[in-house]
Every structure is written in structure tokens, then in C-alpha cells.
Amino acid sequence: MKRDITLSVNGESYSVNVEENRTLLSVLREELALTGTKEGCGAGECGACTVLFDGKAVNSCLVLAVEADGHEITTIEGLAKDGKLHPVQEAFIKHQGVQCGFCTPGMIMSAKALLDRNPNPTEEEIKEAIAGNLCRCTGYYPIIEAIKEVAQRGEHR
């Protein structure tokens, strides 16, 4: 059974007719062509599909698209403004927290959610915030350093 939903993604309103069992991830990637959000495990264990749902980091593979009806979604495509990368994106590049890039969008979205609710996290709080995001290339040290730098500069918004 299909249902009409309206959701705000990266500040733009979209109306989509979706099967009730489709995930938010599949609608973002296949209907809205926002492919920056990656599909990893499809079971909420790797964090590659992390987006912000009303400002909270969620695994979009575990959210039904119909649950997003009327809500605000932010994907990795929504962070850069006016051709300028978000400070978290810049810090990931600076600290070489990007290797294959597959986990990077999810890591960045988890970092943004953390910094939005806690602008001065401890290293332990950073580790906890990205604990649901798996990286098989870089290791976590450069990613943690990137997040710490953004927090210290106070430029996360």
C-alpha cells in the first residue's frame, strides 16, 4: 500500500508517494537522488546511512519513510552552504579522516549532531557519539581529532 508523505530535506519540501514499508534511506537515495547517504549493512549496525531527523542522528535504514512525514531531515548534502564545506567536513579532510569515504557521511552527521547538542564534548563523549559508525579504513584517531578541533574552534554551526 502506498501513501503520500511530505518531508523537508535539507530545507526543501518534497512530496513523495511511497510504499509503507520503504525506508527513509531508500527514498532519499532512489526518489530524491541524494546519494551522499550510504547504504552499508542495512541493519543499523554500521552508521553509513546516518542522517539528522529533527536534529537527532538516526540510521535512515531503520526509519520508515512514512515516519518522516512532516519532519525535517538533513543529509550530508545539506551541510555545505554557498559552495563552502561545513567546518566538520573541512576538519575531516584536514585531519585525513576520510579514506575510502564510505563511512564519512555518516560519521560527519553523527559529529554534527553531537556538536549541535554539546558544543564542547570530551574525547569520551566524541567516542560515544560515533560508536555506531564503523570505519574500516582510517581508524578513529583522525576522526576524533577532527571533531575535537571543530569543537575547540566553536565553528560547528
Side-chain angles (χ1 to χ4, degrees), residues 1-80 86 88-89 91-92 95 97-119 121-148 150-151 156:
M1 183 170 181
K2 286 192 163 190
R3 189 169 137 192
D4 292 324
I5 63 169
T6 301
L7 55 160
S8 175
V9 181
N10 302 329
E12 290 190 40
S13 181
Y14 293 90
S15 294
V16 187
N17 184 265
V18 297
E19 292 287 340
E20 290 183 344
N21 63 351
R22 285 193 68 192
T23 65
L24 176 59
L25 173 63
S26 73
V27 169
L28 290 172
R29 290 183 56 83
E30 297 164 17
E31 301 295 328
L32 306 183
L34 296 170
T35 57
T37 303
K38 305 301 182 206
E39 181 170 7
C41 66
E45 295 180 11
C46 73
C49 66
T50 302
V51 298
L52 302 185
F53 186 108
D54 292 337
K56 290 182 64 176
V58 299
N59 292 318
S60 60
C61 71
L62 296 180
V63 176
L64 293 174
V66 295
E67 294 177 285
D69 188 20
H71 292 274
E72 173 71 36
I73 308 301
T74 305
T75 69
I76 192 72
E77 289 93 344
L79 292 190
H86 187 276
V88 176
Q89 292 170 308
F92 268 60
H95 288 274
V98 178
Q99 291 293 313
C100 83
F102 199 80
C103 73
T104 305
M107 286 279 191
I108 288 173
M109 299 312 289
S110 291
K112 177 155 181 14
L114 167 66
L115 294 169
D116 284 350
R117 73 175 186 275
N118 179 1
T122 65
E123 186 167 318
E124 287 306 311
E125 290 168 328
I126 292 171
K127 289 177 181 176
E128 184 177 320
I130 63 170
N133 299 83
L134 301 180
C135 173
R136 294 182 172 92
C137 301
T138 305
Y140 297 91
Y141 182 77
I143 292 168
I144 292 167
E145 289 302 306
I147 297 169
K148 285 167 58 177
V150 175
H156 70 282

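Every heavy atom of this structure was used, including side-chain atoms; hydrogens, water molecules and symmetry mates were not. If you read the sequence from its start, that first residue is 1, and numbering goes on from there.
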Exercise. Run the side-chain contact (heavy atoms from CB on, under 4.5 Å) check on Thr74 and Glu72 step by step: do they pass?
Worked result: CA-CA 7 Å; Thr74 305; Glu72 173 71 36; 4.1 Å; yes
Exercise. Looking at Ala129 and Arg117, what are the two nearest heavy atoms and their distance?
Worked result: CB-NH2, 4.3 Å
Exercise. Can you name the closest pair of heavy atoms from Thr37 and Cys49 and give their distance?
Worked result: CG2-O, 3.4 Å
Exercise. With no hydrogens and no angle check, do the side chains of Asn10 and Thr75 hold a donor and an acceptor under 3.5 Å apart?
Worked result: yes
Seminar exercise, completed: All heavy atoms of Lys2 vs all of Asn17, minimum pair found to be CD-OD1, 2.7 Å
For this session: Would you confirm whether Glu12, through its side chain, and Val9, through its main-chain N or O, come within 3.5 Å as a donor-acceptor pair?
Result: no
Seminar exercise, completed: Taking every heavy atom of Ile73 against every heavy atom of Ala68, the minimum-distance pair comes out as CD1-CB, 4.2 Å
Exercise. Is any side-chain heavy atom of Glu67 closer than 4.5 Å to a side-chain heavy atom of Leu24?
Worked result: no
For this session: Could you check Val18 against Leu64 for side-chain contact (heavy atoms from CB on, under 4.5 Å), going step by step and ending with a plain yes or no?
Result: CA-CA 10 Å; Val18 297; Leu64 293 174; over 6 Å; no
Exercise. Between the side chain of Asp69 and the main-chain N/O of Thr6, is any donor-acceptor distance below 3.5 Å?
Worked result: yes
Exercise. How close do Ala111 and Val88 get, heavy atom to heavy atom, and via which atoms?
Worked result: CB-CG1, 4.0 Å
Exercise. Which value, rounded to the nearest 0.5 Å, describes the distance between Ser8 atom OG and Asp54 atom CG?
Worked result: 9.5 Å
Exercise. Can you name the nearest heavy-atom pair linking Pro119 to Ala151, along with the distance?
Worked result: O-CB, 3.5 Å
Exercise. Do Leu25 and Cys61 come within less than 4.5 Å of each other through their side chains, counting heavy atoms only?
Worked result: yes
Problem set entry | Spacing of Phe53 atom CZ and Leu7 atom CG [to the nearest 0.5 Å] | 9.0 Å
Problem set entry | Spatial distance of atom SG (Cys103) from atom CD1 (Ile143) [nearest 0.5 Å] | 5.0 Å
Exercise. Would a distance-only check, ignoring hydrogens and angles, find a side-chain to backbone donor-acceptor pair under 3.5 Å from Glu77 to Thr35?
Worked result: yes
For this session: Hey, could you give me the CG/OH distance between Leu28 and Tyr14, rounded to the nearest 0.5 Å?
Result: 9.5 Å
For this session: Start with the C-alpha gap between Val16 and Asp4, add the side-chain angles, then the distance that decides, and say whether side-chain contact (heavy atoms from CB on, under 4.5 Å) holds.
Result: CA-CA 6 Å; Val16 187; Asp4 292 324; over 6 Å; no
For this session: List the steps, then state whether side-chain contact (heavy atoms from CB on, under 4.5 Å) holds for Ile130 with Ile144.
Result: CA-CA 9 Å; Ile130 63 170; Ile144 292 167; 4.1 Å; yes
For this session: Please round to the nearest 0.5 Å and tell me the distance separating atom SG of Cys46 and atom NZ of Lys38.
Result: 12.0 Å
Problem set entry | Test item: His95 side-chain N/O and Gly97 main-chain N/O as donor-acceptor pair under 3.5 Å | no
For this session: Please examine the side chains of Glu128 and Leu114, heavy atoms only from C-beta on, and report whether any two atoms are closer than 4.5 Å.
Result: no
For this session: Could you tell me whether a side-chain N or O of Glu19 sits under 3.5 Å from a main-chain N or O of Met1, the two making a donor and an acceptor?
Result: yes
Exercise. Rounded to the nearest 0.5 Å, how far apart are OG1 of Thr23 and CG of Leu62?
Worked result: 9.0 Å
